[in-house]
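One structure is given below, encoded as C-alpha cells.
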There are 2 protein chains.
Amino acid sequence: MPVTLKELAARAQVHPSTVSRVANNDPSLRIAQATRTRIEALLRETEYRPNGVARGLKLRQTLVLAVVIPDITNPFFAALFRGIEDGATPRGYQVLLCNTDGIPERQRAHLQSLAARRVDGVILASTFLKDPAVRWLRHQRTPYVLVNRFSDEGVDPFVGSDDVTGAMLATQHLIGLGHVRIGHLAGQPTVSTGVLRRKGYHAALSDAGIAADLDLLVESGFVEEGGAQAMERLLSLDRPPTAAFAVTDMTAVGAYGVARRRGLRIPEDLAIVGYNDIPLAARLIPGLTTVHVPIHEFGSVAARMVLEQIETGVLTPRRVVFAPQLVVRGSSLASADEQVLGRAGARSPAE
Amino acid sequence: MPVTLKELAARAQVHPSTVSRVANNDPSLRIAQATRTRIEALLRETEYRPNGVARGLKLRQTLVLAVVIPDITNPFFAALFRGIEDGATPRGYQVLLCNTDGIPERQRAHLQSLAARRVDGVILASTFLKDPAVRWLRHQRTPYVLVNRFSDEGVDPFVGSDDVTGAMLATQHLIGLGHVRIGHLAGQPTVSTGVLRRKGYHAALSDAGIAADLDLLVESGFVEEGGAQAMERLLSLDRPPTAAFAVTDMTAVGAYGVARRRGLRIPEDLAIVGYNDIPLAARLIPGLTTVHVPIHEFGSVAARMVLEQIETGVLTPRRVVFAPQLVVRGSSLASADEQVLGRAGARSPAE
DNA sequence: TTGCGGTGAACAAACGATTGCTCTATGTTA
DNA sequence: TAACATAGAGCAATCGTTTGTTCACCGCAA
C-alpha cells in the first residue's frame with residue numbers, strides 16, 4: 001500500500017505540508033537542515049510518490065493525454081500512436097488509447113468519458129467532415145489536435161499531409177507510365193482525406209487531358225476489405241482499368257489480394273499505388289508504390305502541439321501540413337529500383 | 001468549462017449532497033418529487049458528469065486500466081490491445097497504453113507512474129523471467145495480469161498459450177514433411193516464450209530421434225530484424241537447414257526477406273513455420289504456416305481477469321492457458337490447401 | 001524592557017465529489 | 001395534548017495534495 005503525506009508527517013514529527021514542500025523542493029520553504037535531512041531520508045526510504053489523483057484534483061492537471069483513432073490494429077494508427085507517445089512520455093505524460101472503429105457513437109462516448117476524466121489533451125484521428133464530436137470538443141476548453149483528417153475547414157489545430165498534392169503525385173505517376181484508364185479506390189466523402197484525395201486524382205487526370213470515367217471511381221473506404229470489394233467492382237467492368245490509385249495502403253492490400261486471386265500480375269496487368277507508406281507497403285510483393293507521409297512525426301508533432309496548448313493555455317488553431325513524397329516500388333514499375341520522387345520532405349506551414 | 005456539483009446546487013437551491021444523490025440515484029434518498037424533477041432537469045440541461053478525478057480520489061478507483069507492452073506497432077500487441085479494450089470499455093474502463101521497447105528501465109518507469117496514478121489494474125505483456133518489475137508489482141496491491149509471457153513460475157495471474165506444445169506442433173509438422181535439418185530462430189532465454197518454445201522444438205526433435213545440432217539454433221529475438229540476421233546465419237552454414245521454426249511470425253517475416261534476397265523459394269528450398277498467427281501471416285506470399293493462438297481473446301480474458309480482481313478484491317494467481325493450433329499454409333507445404341491441424345481450440349485451465 | 005526581524009514550522013482552505021448522520025418541520029397516534 | 005414517526009433535506013467529514021498565511025520563538029538592538 002503506497003504511503004501518504006500524512007503518514008510520513010507523523011513519522012517525521014512534522015506537519016504534512018512541510019513534507020510536501022520538501023518533496024516538491026519548494027524554494028519558499030525555510031527549514032532547518034536537520035529536519036530536511038530527516039524528511040528526505042524518509043522520502044527515499046518509502047519511495048514516496050504523491051498520489052496522482054489527489055494531485056490532479058488540486059492542480060487541475062492529470063498528465064494524461066488521450067488518443068482517439070478508428071483502430072490500433074491498422075498499422076497507420078499504430079505508428080501514429082508511437083509518435084504521440086514518444087512525444088508525450090519525456091514530458092511526463094501517459095496516453096489513453098481509444099478505438100472507435102469509425103463509429104460516431106463510440107467516438108462521442110469516448111470523448112465524453114475523457115472529458116469527465118479531465119485528460120489534459122485529446123488527439124483525434126477519427127473525425128469526419130462536419131463532425132458534431134469536434135464541435136463539442138471545441139466548446140470544451142480541453143486542448144486538442146486533429147490528425148490526418150480534419151473537420152470543418154481550417155478552424156481546428158491540425159497536423160496532416162497535403163492530400164490533394166499527394167493524390168496528384170500518385171495519379172500523375174501512373175499517367176506518366178502511360179496509363180489512361182486509371183481507377184480510384186476512394187475514401188468516403190464524409191472524410192477529409194477521402195474528399196481531397198479524390199480531388200487530387202481528378203485534378204491529375206484533368207491536367208493530363210484525360211476525361212474522367214465515373215465507373216473508374218469506386219468507394220472503398222480505408223481498410224482492406226473495402227479495397228478488395230472495390231477492386232472486384234473495377235475488374236468486373238467491361239473496360240477495366242490498367243492501374244489503380246488506392247486511397248490508403250490498406251485498401252491497396254485488399255486490391256493485391258483480388259488481383260492475385262484473379263491471376264493478374266502486378267504491375268504488368270494492373271499497376272497499383274497506395275497512400276501513407278506504412279511499413280507493410282515495402283514488404284508486399286511486389287513492393288507497393290505509395291505516397292509517403294511521416295506518420296510517426298504526425299504523432300510527435302501532434303503531441304507537441306497539444307502540450308504547447310496545455311502549457312501556454314492558448315488554443316490557437318495552428319495547422320501543420322507536411323508535403324507528401326512519392327515512393328516508387330514494384331507495384332507500378334516492373335523494374336523499379338526503389339526511388340523517391342516528388343517534392344522534398346520540407347514542412348510547409350500552410351495548407 | 002464543465003459544471004460542478006456546487007454550481008448545480010446553487011442553481012437548484014439545494015445542498016450539493018442532494019444533487020449528488022439524485023445524480024447517482026441513491027436509493028437511500030428521500031426527496032420531494034418536485035425537487036427531484038427540478039434537479040434532474042438541471043442535470044440533463046448541463047450534461048453534468050461528475051469530475052472523474054475527484055470521484056477517483058473519494059472512491060479510490062480511477063476506472064483506468066494500463067497495458068504495458070514492448071511495441072504497439074507489432075501486430076501481435078495491437079491485436080492484444082484490442083482484445084483488452086473490448087473487454088474493458090463495456091465495463092466503463094478506459095485504457096492507458098505504455099510501450100517499453102523491451103527496455104527494463106522503461107518498463108519500471110512506466111509501472112511507477114502507473115502506480116502513482118492509481119490505475120485500477122495493470123496488464124503486462126513485456127515481462128522477463130526473473131523480472132524485478134514483476135516482483136515490485138506483486139508488492140503493490142494493484143491487480144495485475146501477465147499476458148503471453150510469464151515471470152517466475154506460476155506465481156502470477158497469467159493468460160497465454162501452451163508454448164511447449166505449440167512449438168512441438170510446429171516442429172513435428174516440419175519433421176512430418178520429411179525435414180531433418182530444422183533450424184530454430186529462437187527467442188531470448190530471458191523470456192518465457194523464448195525458453196518454452198525452444199523446449200518444444202528440442203522435444204519434438206528428440207521424440208523423432210533427430211540429434212540436436214547446436215548450429216541450427218540461432219537467437220533471433222522476437223522481431224523482424226533479428227529474424228533476418230538469424231536467418232542469414234543459418235543460411236551461411238556449411239549444411240544449412242531445409243526448414244526453420246521461427247519463435248514469432250515477425251521473426252519469420254524477417255526470414256522471408258532473407259530467403260527472397262537469396263533467391264530461395266519457400267517452401268521448396270526453405271520451409272518456414274511461425275508462431276502467433278498474426279493477420280499478416282495469412283497475407284504473406286506464400287502464406288505463413290504458423291501456430292495459431294487467440295490473440296484477441298488473450299486480451300479480453302486478461303481484461304476480465306483483472307476486472308474480476310478489482311471487483312472481488314481477491315488477487316488469486318489464476319492461470320489461463322490456451323491450447324495452440326497449427327495452421328498450415330504455403331510456407332511449409334507447396335500445394336497447401338489451408339488446413340487446421342493440432343488440438344481443438346478448447347481452453348484448458350492448467351498449464 | 002520593549003520592539004523587531006528572522007527562523008522554522010504549523011494552520012487552514014481549497015480541489016470536487018460521496019455518504020453517514022443530524023436536524024426541522026409536519027402529520028399521526030395514543 | 002404529548003409523544004413520536006416520517007418526510008425532506010442539510011451538515012460535515014473524508015479522500016491526499018498544494019500553497020498562501022499565520023504563528024511561536026529566539027536573538028538582538030534600542
Side-chain angles (χ1 to χ4, degrees), chain A residues 1-40 42-43 46-64 92 113 115-120 141, chain B residues 1-40 42-43 46-64 92 113 115-120 141:
Chain A
M1 199 55 42
V3 71
T4 71
L5 264 192
K6 199 149 79 165
E7 291 162 19
L8 289 182
R11 291 181 54 183
Q13 309 267 54
V14 294
H15 194 268
S17 66
T18 305
V19 181
S20 171
R21 288 183 148 99
V22 170
N24 293 354
N25 237 310
D26 184 339
S28 81
L29 172 62
R30 292 174 315 193
I31 194 175
Q33 193 46 241
T35 317
R36 156 159 305 196
T37 310
R38 180 159 36 100
I39 294 177
E40 280 173 344
L42 211 50
L43 289 174
T46 58
E47 295 182 335
Y48 172 73
R49 314 241 135 217
N51 180 321
V53 180
R55 207 162 201 274
L57 179 58
K58 178 66 190 177
L59 300 182
R60 300 158 161 289
Q61 66 158 2
T62 50
L63 295 177
V64 172
S113 289
R117 285 186 200 297
R118 300 297 190 271
V119 299
D120 289 339
R141 283 291 167 215
Chain B
M1 198 55 43
V3 72
T4 70
L5 264 192
K6 199 151 77 167
E7 291 162 18
L8 289 183
R11 291 181 54 184
Q13 309 268 54
V14 294
H15 194 267
S17 64
T18 304
V19 181
S20 170
R21 289 184 147 99
V22 170
N24 294 354
N25 239 309
D26 183 339
S28 82
L29 173 61
R30 293 176 314 192
I31 194 176
Q33 193 47 241
T35 317
R36 158 163 306 215
T37 310
R38 178 158 40 101
I39 295 176
E40 280 173 344
L42 212 49
L43 288 174
T46 59
E47 295 182 339
Y48 172 74
R49 315 242 134 215
N51 180 323
V53 180
R55 210 157 197 276
L57 179 58
K58 177 65 189 175
L59 299 183
R60 299 159 164 287
Q61 66 158 358
T62 50
L63 295 177
V64 172
S113 290
R117 287 187 199 296
R118 302 295 191 273
V119 298
D120 290 338
R141 284 289 166 216

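Numbered from 1 within each chain, the chains take letters A, B, ... in sequence-line order.
- Between the CZ atom of A:R117 and the P atom of C:dG16 there is a distance of 18 Å, given to the nearest Å.
- By the side-chain hydrogen bond (donor to acceptor under 3.5 Å, both in side chains) test, A:D26 pairs with A:R21, A:S28, sequence neighbours left out.
- Contacts of B:S113 classified as side chain to side chain contact (heavy atoms under 4.5 Å, CB included), with partners at least two apart in sequence or in another chain: A:Q94.
- Under the rule for a side-chain hydrogen bond (donor to acceptor under 3.5 Å, both in side chains), the partners of B:R11 that lie at least two apart in sequence or sit in another chain are B:E45.
- Contact between the side-chain N/O atoms of B:T4 and the OP1/OP2 oxygens of C:dC15 is not found at any separation under 4.0 Å.
- Atoms CG and CZ, on B:N25 and B:R36 in that order, are 6.0 Å from each other to the nearest 0.5 Å.
- Contact of the A:R117 side chain with the B:V64 side chain is registered, since non-hydrogen atoms from C-beta on lie closer than 4.5 Å.
- Distance, B:Q61 CD to D:dC15 C1': 13 Å, rounded to whole Å.
- Separating the NZ atom of A:K6 from the P atom of C:dA12 is a distance of 15 Å, rounded to the nearest angstrom.
- Helix-axis bend for the helix from C:dT1-D:dA30 to C:dA30-D:dT1: the local axis fitted to the five terminal pairs at one end deviates from that at the other end by 90°, rounded to 10°.
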Sugar-phosphate atoms are those with a prime plus P, OP1 and OP2; base atoms are the rest. Using that split, label each nucleotide of nucleotides 24-29 of chain C B, S or - for protein heavy atoms under 4.0 Å, 5' to 3'. ------

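- Nearest heavy-atom pair across B:A23 and B:L43 is CA-CD1, 3.8 Å.
- Remark: A:T35 engages A:V14, A:I31, A:A32, A:R38, A:I39 in a side chain to side chain contact (heavy atoms under 4.5 Å, CB included) (not counting sequence neighbours).
- For residues 49-59 of chain B, proximity to DNA chain D is found at B:L57, B:K58, defined as any non-hydrogen atom under 4.0 angstrom from a strand atom.
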Kindly give the atom pairs (protein nitrogen or oxygen, nucleotide nitrogen or oxygen) under 3.5 Å for nucleotides 4-6 of chain C.
none

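- Distance A:I31 CD1 to D:dC23 P: 21 Å, rounded to the nearest Å.
- Between A:Y48 and the phosphate of D:dT17, there is a side-chain N or O to OP1/OP2 separation shorter than 4.0 Å.
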Taking only distance into account, with no hydrogens and no angle test, what donor-acceptor pairs under 3.5 Å do side-chain atoms of residues 49-56 of chain A form with protein atoms, sequence neighbours excluded?
{"from": "A:N51", "atom 1": "OD1", "to": "A:V53", "atom 2": "N", "distance (Å)": "2.7"}
{"from": "A:N51", "atom 1": "OD1", "to": "A:A54", "atom 2": "N", "distance (Å)": "3.1"}

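- Annotation: proximity of residues 7-24 of chain B to DNA chain C (heavy atom, distance under 4.0 Å) is found for B:S17, B:S20, B:R21, B:N24, numbered in ascending order.
- Remark: P of D:dG20 and CG of A:D26 are 8 Å apart, rounded to the nearest angstrom.
- Contact annotation: B:R118 side-chain N/O to D:dG16 OP1/OP2 distance is not under 4.0 Å.
- Atom CG in A:L5 sits about 10 Å away from atom P in D:dG16, given to the nearest Å.
- For A:S17, the side-chain hydrogen bond (donor to acceptor under 3.5 Å, both in side chains) partners at least two apart in sequence or on another chain are A:H15.
- Partners of A:T62 by side-chain hydrogen bond (donor to acceptor under 3.5 Å, both in side chains), not counting sequence neighbours, listed by chain and number: A:D120.
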